[in-house]
Amino acid sequence: MFWADKIAASTQGEQVVNDSKTPSGRVHVGSLRGVIVHDVIYRALKRAEKPVKFLYGIDDYDALDSVPNYLDRDKFVPYLGQPLCNVPSPGEGASDYAKYYSSEFFEVFDNLGVRPQIYYLRDLYREGKLNPYIDRFLQNAHLVREAYKQVSNADRAENWYPFQVICQHCGKIATTVVSDYNGKEVFYTCKPDAMSYVEGCGGSGWVSPFDGNGKLPWKVEWVAKWDLLGVTIELAGKDHSQKGGSRDVANAIYRKVYGKKPPFHSPYEFILVGGTKMSSSKGVGASAKEISELLPPELLRFLMLRTQPKTAINFSPNYETITRLFRDYDTAIEKYEKLLASEENPQLSKDLLALYYSQVGDAIRTYQPFDFSTLISLLQVPHLDIKAEVEKRSEQPLDKTDWEVVNERIRVAQKWLDDYADPEEKLVLYFDEIPESTGDLEVEQRQYLSQLADNLENLEDWEGEALQTEIFSTSKALGLAPKKAFPAVYRSFLGKERGPKAGNLLSYLEKSFVVKRLRDVAIAA
RNA sequence: GGGCGAUUAGCUCAACGGCAGAGCUACAGACUCUUAAUCUGUUGGUUCGGGGUUCGAAUCCCCGAUCGCUCACCA
């Protein structure tokens, strides 16, 4: 059974799936794992025809705790410690910092077909929705302290309260400590030494904790959200899911203060991104936005969900990884088509369910696959009419959908070549020097190149087909197997054993250059 | 030091108590203009090591190794 269907099958009654994110900056591609995991669980529940809602919260009352290195430090340092919804937007088109980065993230959601009901913590606080929870946690601060102590062995002072107000003097929320509560107002101090990354202003006073004047600490806030929204399923990254970790603490608080059972939980693993291959100099990297601009949505979903949540995913946008992703997807598509041809309403196996849940829409979109790695190769051949080439190499005539898929892949392949490919992953023509690897050529191969140079020199029609014929017939005439002949040619120009169709390749080069190079290689020791 | 997770073919992963598998790679063939293409086939395993439970263990238990994450605050 597919992992998400297992979770769906274990539930009873109406389900509320929840996930959330602090919009502290650009979102790394790894953050998409949680998003996709929850989306797939949501879809699995729908597929099982169980009543379900999917919520996504933006924790924009959290404090700005560092200035990302891609922002102007001087401009944002003054806002350290303030709620993200009160920090100015770093760019056009958003009212504030939190909205700016969360809407960037939501564009990716939209692209991936993830459509949860979105809510903002600022609204929950300011509209007073969390007031009853704030009151209850303040009244029962001792129970919260107990939970912290028992679960994660963290000591809290006797007069510690699970609440932080926004300082009325300096606007920071991270530095305030509440030390008293009279049922209507709390007494707070904005402490200079409360946080390592920012100093409080030293102000203090009595203030109402309600209607957006402050927030609950994260672990406590989590509980309030669960109860307010009726959350029944919420997974968390494994960093939160350790024994004694934040999820454990939140669970304990929910049990202690409300006597209720916490939502279903299971940790999910990270996505490990091979950092060295990332080209930061080209300004591209592994942000969720960048990767979603590179990969077609169903491929990105496929990457995230075919692996069960508790297994780590290794992903780098290098040749090996990215071509494999496309190939695996195509393999699944072909398997599905075969199944479809043999049965009316086929039962989907586990791998095909991964394909199903990868779709942005409701049905699996089938097409005639055209190998992605071949496209990467073809795009590097100068002056090649790629569409004609695709047509020629496809078994069946391509229909409208096929072309859509191919065109999308051409775009991806080109973008990958431009922004992500390492030099050694690209086709390199050696114009100025003879590739080193020609040194290993055998005597017969050198004789062949020499003969080929003579034949080509006399060739009148410098054109792909004719060149291909000449390369081939020369090898026949000398009795040298094509398996030896062609690599000799490729090595002379590319330094590799293989390459694009040799005739075409040479036809794009100057005749004099080709002849000279062949002779140079032939006589070199 | 404590905790959690992982470790299966060269690589990426599947199998989750019932014959250890797939894709890619590699290798070998086929296609008598044949070159990043296509097709066929083959190789490849002490399931990290050691012990135990079981009729039966990659799977469950114990000990150990390696790797990753985590264990003040914040999230």
Side-chain angles (χ1 to χ4, degrees), chain A residues 1 6 20-24 59 61-66 81 84 148 151-156 164 173-175 177 193-198 217-219 221-222 236-248 250 267-270 272 303 306-315 319-321 323-325 327-332 335 349-351 354 370-381 389-390 392-395 425 427 464-476 481-490 494 496-505:
Chain A
M1 206 192 260
K6 260 186 218 169
S20 58
K21 177 89 190 120
T22 302
S24 52
D59 296 337
Y61 244 48
D62 293 346
L64 180 71
D65 61 3
S66 63
L84 291 164
Y148 272 89
V151 179
S152 67
N153 201 28
D155 280 311
R156 294 287 132 116
Q164 291 187 295
I173 195 168
T175 48
V177 175
D193 60 349
M195 283 291 134
S196 55
Y197 63 87
V198 65
W218 183 54
K219 295 168 201 176
E221 184 180 271
W222 210 352
K238 71 168 183 175
D239 49 339
H240 298 315
S241 308
Q242 304 300 319
K243 191 176 178 194
S246 48
R247 176 64 186 234
D248 241 13
Y268 53 84
E269 257 282 0
F270 296 136
L272 307 172
L303 168 71
R306 67 172 161 162
T307 308
Q308 54 176 330
K310 67 170 207 266
T311 304
I313 295 173
N314 294 299
F315 176 78
Y319 181 84
E320 167 85 23
T321 310
T323 55
R324 184 169 59 230
L325 180 63
R327 199 173 48 231
D328 289 349
Y329 191 87
D330 286 347
T331 303
K335 184 170 172 185
S349 58
K350 208 154 116 180
D351 47 342
F370 190 91
D371 183 60
F372 182 71
S373 63
T374 306
L375 281 179
I376 288 181
S377 304
L378 294 176
L379 278 172
Q380 294 181 85
V381 179
E389 195 64 29
V390 168
K392 207 165 77 187
R393 287 169 183 251
S394 296
E395 281 178 41
E425 291 171 330
L427 182 75
E465 282 297 307
L467 283 162
Q468 184 75 19
T469 306
E470 203 57 44
I471 294 165
F472 189 80
S473 61
T474 303
S475 81
K476 278 240 153 156
K483 195 158 272 183
K484 295 244 175 184
F486 280 89
V489 174
Y490 289 120
L494 304 175
K496 295 181 184 172
E497 291 277 305
R498 300 176 155 203
K501 197 157 183 170
N504 285 338
L505 181 69

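Residue numbers begin at 1 in each chain, while the letters A, B, ... track the order of the sequences. What you are looking at is a predicted structure, and each value in this text was computed from that prediction instead of being measured.
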Inset, instruction - Could you check Leu494(A) against Lys219(A) and say which one's nearest nucleotide on RNA chain B is further toward the 5' end? - result: Leu494(A)
Inset, instruction - Name the nucleic acid region contacted by Ala154(A), choosing base, sugar-phosphate or nothing; use a 4.0 angstrom heavy-atom cut-off, strictly under. - result: sugar-phosphate
Inset, instruction - For Tyr268(A), check ring pair (Phe, Tyr, Trp, His ring centres under 6.0 Å) against everything at least two apart and list the hits. - result: none
Inset, instruction - Identify, with sequence neighbours excluded, every residue that meets side-chain contact (heavy atoms from CB on, under 4.5 Å) alongside Pro267(A). - result: Lys238(A), Ser241(A), His265(A)
Between the protein and nucleotides 1-7 of chain B, which nitrogen or oxygen pairs come in under 3.5 angstrom?
| residue | atom | partner | partner atom | Å |
| --- | --- | --- | --- | --- |
| rG3(B) | N2 | Gln242(A) | OE1 | 2.6 |

Inset, instruction - Check every atom of rA36(B), rA75(B), rC73(B) against the side chain of Thr374(A) and return the nucleotide holding the closest atom. - result: rA36(B)
Inset, instruction - Provide the distance between the two C1' atoms, one in rG10(B) and one in rG45(B), to the nearest whole Å. - result: 12 Å
Inset, instruction - Considering only atom C1', compute the distance from rC39(B) to rC4(B) and round it to an integer number of Å. - result: 48 Å
Legend entry - Qualifying residues under salt bridge (charged side-chain N to carboxylate O under 4.0 Å, His left out), relative to Asp155(A), sequence neighbours excluded: Lys149(A)
Legend entry - Rounded distance in Å - CZ (Arg306(A)) to P (rG23(B)): 15 Å
Legend entry - Any Leu505(A) side-chain heavy atom under 4.5 Å of Leu494(A) side chain: yes
Inset, instruction - Rounded to the nearest angstrom, tell me the gap between atom CG in Asp371(A) and atom C1' in rG23(B). - result: 13 Å
Legend entry - Euclidean distance for C1', rU43(B) against rA9(B) (whole angstrom): 10 Å
Legend entry - Atom pair OG (Ser24(A)) and CG (Asp65(A)), whose distance is rounded to the nearest 0.5 Å: 6.5 Å
Inset, instruction - Not counting sequence neighbours, which residues clear ring pair (Phe, Tyr, Trp, His ring centres under 6.0 Å) with Tyr148(A)? List them please. - result: Trp160(A)
Inset, instruction - Using Watson-Crick or G-U wobble pairs with both distances under 3.5 Å, give me RNA chain B in dot-bracket, 5' to 3', with [ ] for crossers and | for pairs to another strand. - result: (((((((..((((....[..)))).(((((.......))))).....(((((..]....))))))))))))....
Inset, instruction - With sequence neighbours left out, write down each residue that passes side-chain contact (heavy atoms from CB on, under 4.5 Å) with Lys335(A), or none if nothing qualifies. - result: Ser349(A), Asp351(A), Leu352(A)
Inset, instruction - Would you check if Gln164(A) and Thr175(A) make a side-chain contact, meaning some heavy-atom pair closer than 4.5 Å? - result: no
Legend entry - rC61(B) versus rG5(B) - spacing of their P atoms, nearest Å: 10 Å
Inset, instruction - Measure the distance from CG on Asp65(A) to C1' on rC73(B) and round it to the nearest whole Å. - result: 11 Å
Legend entry - Euclidean distance, atom CG of residue Leu505(A) to atom C1' of rU34(B) [Å, nearest integer]: 16 Å
Legend entry - Partners meeting side-chain contact (heavy atoms from CB on, under 4.5 Å) with Gln468(A) (sequence neighbours left out): Phe486(A), Lys501(A), Ala502(A)
Inset, instruction - Select base, sugar-phosphate, or nothing to describe what Arg247(A) touches, counting heavy atoms under 4.0 Å on all strands. - result: nothing
Inset, instruction - Please list, chain by chain and in numerical order, all residues satisfying salt bridge (charged side-chain N to carboxylate O under 4.0 Å, His left out) with Asp328(A), sequence neighbours excluded. - result: Arg306(A)
Legend entry - Given RNA chain B, 5'-ward residue of the pair Phe486(A) and Asp62(A), judged by closest heavy atom: Phe486(A)
Legend entry - Spacing of the C1' atoms in rC19(B) and rU38(B) (rounded, Å): 34 Å
Inset, instruction - Rounded off to whole Å, could you give me the CE-to-P distance for the Met195(A) and rA72(B) pair? - result: 14 Å
Inset, instruction - Please name all residues satisfying ring pair (Phe, Tyr, Trp, His ring centres under 6.0 Å) with Tyr329(A), sequence neighbours left out, ordered by chain then number. - result: Phe302(A)
Legend entry - Those residues that, when tested against Thr374(A), pass side-chain contact (heavy atoms from CB on, under 4.5 Å) (two or more places apart): Phe370(A), Asp371(A), Leu378(A), Arg393(A)
Legend entry - Interatomic distance at P, rA14(B) relative to rU53(B), whole Å: 31 Å
Inset, instruction - Please confirm whether the backbone N or O of Pro309(A) pairs with a side-chain atom of Glu269(A), one donor and one acceptor, at under 3.5 Å? - result: no
Inset, instruction - Could you work out the separation of rU66(B) and rC27(B) based on their P atoms and round it to a whole Å? - result: 36 Å
Inset, instruction - Rounded off to whole Å, could you give me the NE2-to-C1' distance for the His240(A) and rC74(B) pair? - result: 11 Å
Mind listing the N/O atom pairs, protein and nucleotides 24-33 of chain B, below 3.5 Å?
| residue | atom | partner | partner atom | Å |
| --- | --- | --- | --- | --- |
| rU32(B) | O2' | Lys476(A) | NZ | 3.1 |
| rC33(B) | O2 | Thr469(A) | OG1 | 3.0 |
| rC33(B) | N3 | Thr469(A) | OG1 | 3.0 |

Inset, instruction - Determine the Euclidean distance between corresponding C1' atoms of rG29(B) and rU34(B); express it in Å to zero decimal places. - result: 14 Å
Inset, instruction - Compare the minimum distances between each of rC16(B), rA75(B), rC73(B) and the side chain of Thr22(A), then state the nucleotide with the smallest one. - result: rA75(B)
Legend entry - Protein-nucleotide distance (Tyr148(A), atom OH; rC71(B), atom P), rounded to Å: 14 Å
Inset, instruction - Calculate the interatomic distance between Gln164(A) atom CD and rC73(B) atom C1'; express it in whole Å. - result: 10 Å
